[in-house]
Colleague: 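Attaching a single structure in structure tokens format; questions to follow.
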Amino acid sequence: MNVLYINGPVQNGPFTIAERPGKAAGIRAAEALNTLLDAGPAPHLWNTVTLAGDLRHRDAPDRDTVGRQEREEHAIAAKYTPGAAPAGGVLTNTAPVVAALALEMTERLLQDGVLAVAPVPVHLCTRCGHMAGVVAHACRACGHQGSRPADPAVAGLGPAPRRTSARP
């Protein structure tokens with residue numbers, strides 16, 4: 001099965017083909033090309049990987065009645081006009097088939113030497129201890145603005161705790 005995937009720089013927001021040709025424009029272009037190639041409909045893939053404590057969800061006034069997964073489903077559905085669901089369906093990067101494909105692609109890139117994994121020091125939130133990433137920024141789990149480099153002595157791990165970072 002040949003699949004064409006086109007992505008744009010604009011992931012969310014108002015799309016226009018001329019001024020803001022984001023992911024929606026790429027999806028439509030791929031769908032048109034698949035039709036021309038008689039390849040059949042392909043599912044639309046949307047990035048939705050967020051932390052379970054995603055601040056957008058946690059700050060929503062209806063967070064106690066609308067679950068995170070339901071919120072993601074509503075956000076994706078809102079990208080389409082009513083009744084215009086894609087013929088090939090919709091997938092997110094949390095779908096098992098997408099995760100398996102990503103793992104397969106990553107393993108192949110690692111085996112071919114195209115992708116390398118390198119340890120990097122990380123920052124932790126000074127309030128909740130959540131890993132904030134390789135640079136200091138607001139915590140995505142609790143929203144606190146403070147972070148600090150991970151302390152190897154606290155974790156009892158010897159050298160500084162490191163997160164592996166895949167770099168092509």
Side-chain angles (χ1 to χ4, degrees), residues 1-118 120 122-123 130-135 137-143 163-168:
M1 173 179 170
N2 293 326
V3 176
L4 174 64
Y5 179 75
I6 299 175
N7 198 2
V10 180
Q11 296 293 323
N12 292 298
F15 300 110
T16 63
I17 298 291
E19 289 89 29
R20 289 179 55 97
K23 186 173 208 128
I27 284 174
R28 289 183 180 109
E31 196 165 47
L33 290 170
N34 279 341
T35 300
L36 289 173
L37 297 170
D38 200 26
H44 294 189
L45 176 62
W46 291 99
N47 300 329
T48 61
V49 171
T50 54
L51 301 170
D54 183 11
L55 293 178
R56 290 171 294 175
H57 174 68
R58 289 178 55 180
D59 291 343
D62 61 352
R63 70 184 170 276
D64 295 330
T65 56
V66 177
R68 185 181 152 274
Q69 184 171 349
E70 184 179 355
R71 184 172 313 287
E72 284 182 354
E73 290 168 359
H74 289 170
I76 291 170
K79 296 174 186 295
Y80 300 95
T81 57
V90 174
L91 291 174
T92 70
N93 42 354
T94 60
V97 67
V98 176
L101 177 61
L103 179 61
E104 178 186 321
M105 292 170 66
T106 302
E107 287 174 341
R108 182 172 297 141
L109 291 170
L110 286 167
Q111 289 170 355
D112 293 347
V114 175
L115 184 67
V117 177
V120 294
V122 297
H123 285 81
H130 181 264
M131 186 175 70
V134 295
V135 295
H137 60 76
C139 178
R140 289 188 178 99
C142 75
R163 176 182 145 231
T164 57
S165 174
R167 295 190 179 158

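Fair warning: this is a prediction, and the values are worked out from it, not measured in the lab.
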Colleague: What are the two closest heavy atoms between Glu31 and Pro86, and how far apart are they?
Modeller: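 Looking at all heavy atoms of both residues, the shortest contact is OE2-CB, 4.5 Å.
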
Colleague: Output every pair passing salt bridge (Lys or Arg N to Asp or Glu O under 4.0 Å) with a member in residues 89-105, not counting sequence neighbours, ordered by first then second residue.
Modeller: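 As it turns out, the salt bridge (Lys or Arg N to Asp or Glu O under 4.0 Å) pairs with a partner in residues 89-105, which skip direct neighbours, are Glu104-Arg108.
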
Colleague: How long is the span from the CD atom in Glu72 to the OG1 atom in Thr92, to the nearest 0.5 Å?
Modeller: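 If I round to the nearest 0.5 Å, the distance is 6.5 Å.
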
Colleague: With a cut-off of 6.0 Å (strictly less than), are more than 12 heavy atoms of other residues, nucleotides or ligands near CD of Glu70?
Modeller: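 More than 12 within 6.0 Å, yes.
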
Colleague: Under the criterion side-chain contact (heavy atoms from CB on, under 4.5 Å), I'd like the reasoning laid out for Leu45 against Val98: C-alpha separation, chi angles, the key distance, then a yes or no.
Modeller: CA-CA 9 Å; Leu45 176 62; Val98 176; 4.0 Å; yes

Colleague: Quick one: NE2 on His130 to NE2 on His123, what's the gap to the nearest 0.5 Å?
Modeller: 14.5 Å

Colleague: Measure across Arg71 and Val66 and return the closest heavy-atom pair with its distance rounded to 0.1 Å.
Modeller: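 Taking Arg71 first and Val66 second, the nearest heavy atoms are NH2-O, 3.6 Å.
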
Colleague: Mark yes or no for whether His137, through its side chain, and Ala132, through its backbone, hold a donor-acceptor pair below 3.5 Å.
Modeller: yes

Colleague: If you compare all heavy atoms of Gly88 against all heavy atoms of Pro41, which two are closest, and at what distance to 0.1 Å?
Modeller: N-CB, 3.6 Å

Colleague: Sequence neighbours left out, what passes side-chain hydrogen bond (donor to acceptor under 3.5 Å, both in side chains) with Asp112? Give chain and number order.
Modeller: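 Asp112: no side-chain hydrogen bond (donor to acceptor under 3.5 Å, both in side chains) contacts found.
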
Colleague: What distance do Leu103 atom CG and Thr106 atom OG1 have between them, rounded to the nearest 0.5 Å?
Modeller: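 Atom-to-atom, Leu103:CG and Thr106:OG1 are 6.5 Å apart.
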
